[in-house]
Amino acid sequence: MLCPMGPPVAEPIGLQVTRTAKLLSRAFDDALAEAGGSLPVWLVLVSVKGQTQAMQRELAETVGIEGPTLTHHLNRMEAAGLLTRRRDPGNRRVHRVELTSDGEALFFRLLESVTAFDRRLRAGISDKQIDSLSRILGRLRANAASPERVAR
């Protein structure tokens, strides 16, 4: 990066991470789409699969989206035959979410895609480098969450 007032300056790390994140996000979306899914569908499937009887409210928290947005995704997934929702007999306000056999099949198809994408990203990177990257990304998240605090 060129600085108009002096020698070249390294590209800000936030810009590097942002560009990389956008590229990885698009590539991940493409990999999921090739397998017949999307990021929201994958997040819902993996969350439901990880729980015996998922409650809709818990799913929204796990997936990291608002309840109405989750409802939209669940409506589409239910219409596609990927999951079922039923009221909890003990509390009629609670909806239980379960995968259908088609939802299970899509989960495993997307899991293969996610695993292949992860292998692609790890190509040429050692386990030690992956561990370092994880620590650095954790530090960046912590630093971004607390802009007043400067780690030395």
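All residue numbers refer to positions in the sequence shown, counting from 1. These figures come from a predicted structure and were not determined experimentally. Only heavy atoms go into these numbers, but all of them, side chains included; no hydrogens, no water, no symmetry mates.
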- Message: Under 4.5 Å between side-chain heavy atoms, counting indirect links through other Ile/Leu/Val/Met/Phe/Trp/Tyr residues: same cluster for Leu121 and Ile136 or not?
- Response: no
- Can you hop from Leu24 to Leu133 via hydrophobic side chains spaced under 4.5 Å? no
- Message: Let's go through Thr100 and Glu104 carefully: what are the C-alpha distance in whole Å and the side-chain angles of both, what is the deciding distance for side-chain contact (heavy atoms from CB on, under 4.5 Å) to 0.1 Å, and is it a yes or a no?
- Response: CA-CA 6 Å; Thr100 63; Glu104 290 274 343; over 6 Å; no
- Query: Under 3.5 Å, is there a donor-acceptor pair between the Gln56 and Thr71 side chains?
  - Reply: yes
- Locate the shortest heavy-atom distance separating Leu110 from Trp42; write the atom from each residue and the value. CB-CE3, 3.5 Å
- Query: What are the two closest non-hydrogen atoms of Gly124 and Gln129, and how far apart are they?
  - Reply: O-OE1, 4.1 Å
- Task: Check the angle between the aromatic planes of Phe28 and Phe117 and answer parallel, tilted or perpendicular using the 30° and 60° thresholds.
- Result: tilted
Hey, what do you get for [atom1] ([X]) to [atom2] ([Y]), rounding to the nearest 0.5 Å?
X	Y	atom1	atom2	result
Asp29	Leu39	CG	CG	6.0 Å
Leu70	Glu61	CG	CD	10.5 Å
Ile130	Arg135	CD1	CZ	11.5 Å
Asp102	Leu83	CG	CG	11.0 Å
His72	Ile65	NE2	CD1	9.5 Å
Met77	Leu99	CE	CG	7.0 Å

Any heavy-atom pair between the side chains of [Y] and [X] that's under 4.5 Å?
X	Y	value
Thr69	His73	yes
Arg109	Leu106	yes
Arg87	His95	yes
Leu140	Leu137	yes
Thr84	Arg96	no
Leu32	Ser38	no
Val46	Val63	no
Met55	Val97	no

Backbone N/O of [Y] and side chain of [X]: donor-acceptor pair under 3.5 Å:
X	Y	value
Ser113	Ala35	no
Glu78	Asn75	no
Ser47	Leu59	no

- Query: Above 12 or not: heavy atoms from other molecules or residues under 6.0 Å from CD1 of Ile13?
  - Reply: no
- Task: Before accepting this row, confirm whether a basic side-chain N of the pair Glu98/Arg85 lies closer than 4.0 Å to the acidic partner's carboxylate O.
- Result: no
- Task: Inspect the contact between Arg122 and Asp118 and indicate whether a charged nitrogen and a carboxylate oxygen are less than 4.0 angstrom apart.
- Result: yes
- Item | Criterion side-chain contact (heavy atoms from CB on, under 4.5 Å) on Leu45 and Lys49, from CA distance to verdict | CA-CA 6 Å; Leu45 289 175; Lys49 185 73 174 157; 5.9 Å; no
